[in-house]
There are 2 protein chains.
Amino acid sequence: MSDALGSDQSPPALLIRKLASTAQLSDRDRGAIGMLPFAVLTFPGRTSIVHEGDAPKQCCLILDGWAYRCRTLANGQRQIFAFYVPGDMPDIESLHLHVMDQGLVAIAQTTVAFVAHKDMRALIQSNTNVAMALWRDTLIDATRCRERVISLGRRQAVGRMAHLFCEMYVRLRTVALADDLRYLLPLTQAELADALGLSSVHANRSLQELRKMGLVTLHRRELIIQDWSGLATTAEFDPSYLHLI
Amino acid sequence: MSDALGSDQSPPALLIRKLASTAQLSDRDRGAIGMLPFAVLTFPGRTSIVHEGDAPKQCCLILDGWAYRCRTLANGQRQIFAFYVPGDMPDIESLHLHVMDQGLVAIAQTTVAFVAHKDMRALIQSNTNVAMALWRDTLIDATRCRERVISLGRRQAVGRMAHLFCEMYVRLRTVALADDLRYLLPLTQAELADALGLSSVHANRSLQELRKMGLVTLHRRELIIQDWSGLATTAEFDPSYLHLI
DNA sequence: TTGCAGATTTAACTTATGATAACGTAGAGA
DNA sequence: TCTCTACGTTATCATAAGTTAAATCTGCAA
């Protein structure tokens, strides 16, 4: 992928920057996060970081690459719930809910930093403010999930896709992985379809519709937004649900 | 509705019982929750408890009745995100996210107990364990949201409806508002449709399909599950995502 | 270069769901 | 009793999206 996010690339620095994008952190908070011991691991594309049914003893922080959470139904259909990008901690909830009811999968090659639950718990116990920031982060994850519900329930395919493109642009921009209305979107159309509740054929049709409308191009995994306001209108996109400061 | 939930009907007692259904609470925790000052208010059916765009200064606890969170799109379509029943605190998140991006609406006549944010914050600051239980509760709310995503994305209308009926049965049973495979479902078919991402006509068709399959009856707001295992199979329902102890 | 595998695109056809409108029913209140 | 209203039901037609299959295209490795 790419090394954005400013100078200090260490896992704690990334986590601090991420949490500070949605909450206020004091120097004491930053210091406490800075002490967290992380173990860094790289996963090849399309491999599982956490399996459905696992009971992890650690949380992970995406450093580089993308991941998604998904579940497979009995008939083999898949639903992708959410995408995670650098700075995100996709499984903070495993601190509280011990069995993962969905898997976490690396999309392209993805580097992840793990912190043991016990270290996270110690941090949370000793630093209420950081606990609140983490809690807040999980709540924002939930608002994104609700936005997904509205998309699936009440938007048509083209609007859903436009909405996802808008959301990812805004999120990637906060970690300096998008600018100038373009970003790397390492998804196949089949994965896009699984996220949007579509068949891959219809995902393809919808994408072409967006192209035909002159809103985006997507070629070689690079998404270019040609008409932001048109795209946002098509999506009825209002970024306030992301609760960025 | 009905007065279930055992002997002590006070708001703190209800909250304690609810949190204890998904987390361990010590006597000290229970004592601390018991001290929370609540203000009780009753809302007529189809009135707004919290408006979209509000910045509430209090959290609410449903004592009696049902409520739902919803948002209305530009074209007038509505999406209901979640239903809340006695024992639920639908807007704990307002402690952390100050503007509600959706409304909270009472369905039938609904009684609600309000706690001021400052009192909740004091409780959370002084009692980490209760904070963790509340956090955990918001995470379970999020797992329900994800379950909704899977329903909307990958299940057909009949399966979606079956899944909702299963979930509400299990949830209502934990607060003694359902037993013997039946419960009060105070929703119109139009509301059911808004929750399931369907038109009301198709919600009606799907309901009739469930009846024809011999799985449920719904008459005069009473839902009777005639064939639990058939319904659960149709829904591919697995209650583990509710994380009940 | 060639061949291969995965990804995208296109086409033809089917199906689930939406939209609209008419009609039925039951309860509330005059 | 009558009327009004909110809901539920039914029918018809329109359309978004699914399914299947085959034709390209792309990148990659031999």
Side-chain angles (χ1 to χ4, degrees), chain A residues 44-47 73 75-80 105 107-109 150-164 184-213 216-223 234-235, chain B residues 44-47 73 75-80 105 107-109 150-164 184-213 216-224 234:
Chain A
R46 272 81 198 176
T47 54
L73 290 182
N75 59 10
Q77 290 193 105
R78 268 188 349 159
Q79 178 66 46
I80 293 178
V105 178
I107 300 180
Q109 174 172 303
I150 254 216
S151 256
L152 293 173
R154 290 298 181 215
R155 280 192 257 262
Q156 312 214 135
V158 171
R160 281 182 220 174
M161 188 169 287
H163 197 275
L164 180 65
L184 240 69
L185 182 78
L187 301 172
T188 65
Q189 293 186 9
E191 286 162 332
L192 218 40
D194 285 338
L196 300 174
L198 300 172
S199 67
S200 62
V201 170
H202 201 65
N204 180 271
R205 286 195 277 248
S206 307
L207 183 53
Q208 288 181 55
E209 180 67 22
L210 287 175
R211 287 201 260 246
K212 204 166 62 186
M213 294 166 77
V216 304
T217 66
L218 174 57
H219 186 58
R220 310 265 206 111
R221 307 283 128 107
E222 187 185 41
L223 185 88
T234 303
Chain B
R46 273 77 198 179
T47 54
L73 290 182
N75 60 9
Q77 291 194 103
R78 267 189 348 159
Q79 178 66 45
I80 293 178
V105 179
I107 301 180
Q109 175 172 303
I150 256 218
S151 256
L152 293 173
R154 288 300 180 214
R155 279 192 258 262
Q156 313 218 133
V158 170
R160 283 181 218 173
M161 187 168 288
H163 197 274
L164 180 64
L184 241 70
L185 182 78
L187 302 171
T188 66
Q189 293 187 6
E191 285 162 332
L192 219 39
D194 285 338
L196 300 174
L198 301 172
S199 66
S200 63
V201 171
H202 201 65
N204 180 274
R205 285 196 277 247
S206 307
L207 183 53
Q208 288 180 54
E209 180 66 22
L210 287 176
R211 288 201 259 245
K212 204 166 63 184
M213 293 166 78
V216 304
T217 66
L218 174 56
H219 186 58
R220 310 270 204 107
R221 308 284 129 109
E222 186 184 40
L223 184 88
I224 301 178
T234 302

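On a predicted model such as this, the values are computed, not experimentally measured, just so you know. All heavy atoms count here, side chains included; hydrogens, waters and symmetry mates do not. A, B, ... follow the sequence lines: proteins, then strands. Residue 1 opens every chain.
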* Structure fact -> Atom CG of Leu192(A) and atom C1' of dA17(D) are separated, to the nearest Å, by 16 Å
* Mind listing the residues from residues 151-158 of chain A sitting with a heavy atom below 4.0 Å of DNA chain C? Number order is fine. => none
* Asked: Heavy-atom distance under 4.5 Å between the side chains of Val216(B) and Leu223(B), does that happen here?
  -> yes
* Structure fact -> Given protein heavy atoms under 4.0 Å, the one-letter contact record of nucleotides 25-30 of chain D, with B base, S sugar-phosphate only and - none, is simply --S---
* Structure fact -> side chain to side chain donor-acceptor pair (under 3.5 Å) filter on Arg154(A), not counting sequence neighbours, yields Asp194(B)
* Which parts of residues 197-207 of chain B get close to DNA chain C, meaning a heavy atom less than 4.0 angstrom away? -> Gly197(B), Leu198(B), Ser199(B), Val201(B), His202(B), Arg205(B)
* Partners meeting side-chain contact (heavy atoms from CB on, under 4.5 Å) with Thr188(A) (sequence neighbours left out) -> Arg46(A), Ala190(A), Glu191(A), Arg221(A)
* To do: Please report, rounded to the nearest Å, how far the C1' atom of dG8(D) is from the CD atom of Glu209(B).
  => 17 Å
* Please walk me through it: do Leu198(A) and Arg160(A) pass side-chain contact (heavy atoms from CB on, under 4.5 Å)? -> CA-CA 10 Å; Leu198(A) 300 172; Arg160(A) 281 182 220 174; 3.6 Å; yes
* Under 4.5 Å between any side-chain heavy atoms of Leu192(B) and Leu164(B), yes or no? -> yes
* Asked: What pairs with Gln208(A) under side chain to side chain donor-acceptor pair (under 3.5 Å), at least two apart in sequence or on another chain?
  -> Asn204(A)
* To do: List for me each residue that meets side chain to side chain donor-acceptor pair (under 3.5 Å) alongside Ser151(B), sequence neighbours excluded, and say none if there are none.
  => Arg155(B)
* **Met213(A) vs Thr234(A) side-chain heavy atoms within contact, under 4.5 Å** => yes
* Structure fact -> Double-helix bend of the helix from dT1(C)-dA30(D) to dA30(C)-dT1(D), axes at both ends from 5 pairs, round to 10°, gives 30°
* **His163(A): partners by ring-ring contact (aromatic ring centres under 6.0 Å, His included), with sequence neighbours left out** => Phe237(A), Tyr241(A)
* Reckon Arg211(A) touches a base, only the sugar-phosphate, or nothing at all at heavy-atom distances under 4.0 Å? -> sugar-phosphate
* Asked: If you look only at pairs with a residue in residues 197-211 of chain B, which of them pass as a salt bridge (Lys or Arg N to Asp or Glu O under 4.0 Å), with sequence neighbours excluded?
  -> Glu209(B)-Lys212(B)
* Structure fact -> Applying side-chain contact (heavy atoms from CB on, under 4.5 Å) to Gln156(A) and not counting sequence neighbours gives none
* side-chain contact (heavy atoms from CB on, under 4.5 Å) between Val158(A) and Leu210(A), worked out -> CA-CA 7 Å; Val158(A) 171; Leu210(A) 287 175; 3.6 Å; yes
* Heavy atoms, side chains only, cut-off 4.5 Å: are Leu207(A) and Leu218(A) in contact? -> yes
* To do: Side-chain contact test, heavy atoms from C-beta onward, threshold under 4.5 Å: evaluate it for Leu185(B) versus Glu222(B) and give yes or no.
  => no
* **Nearest-0.5 Å distance that lies between atom CG in Leu196(A) and atom CD in Gln189(A)** => 11.0 Å
* Covered region of DNA chain C, 5' end to 3' end, by chain A [heavy atoms, under 4.0 Å] -> dA7(C) to dA12(C)
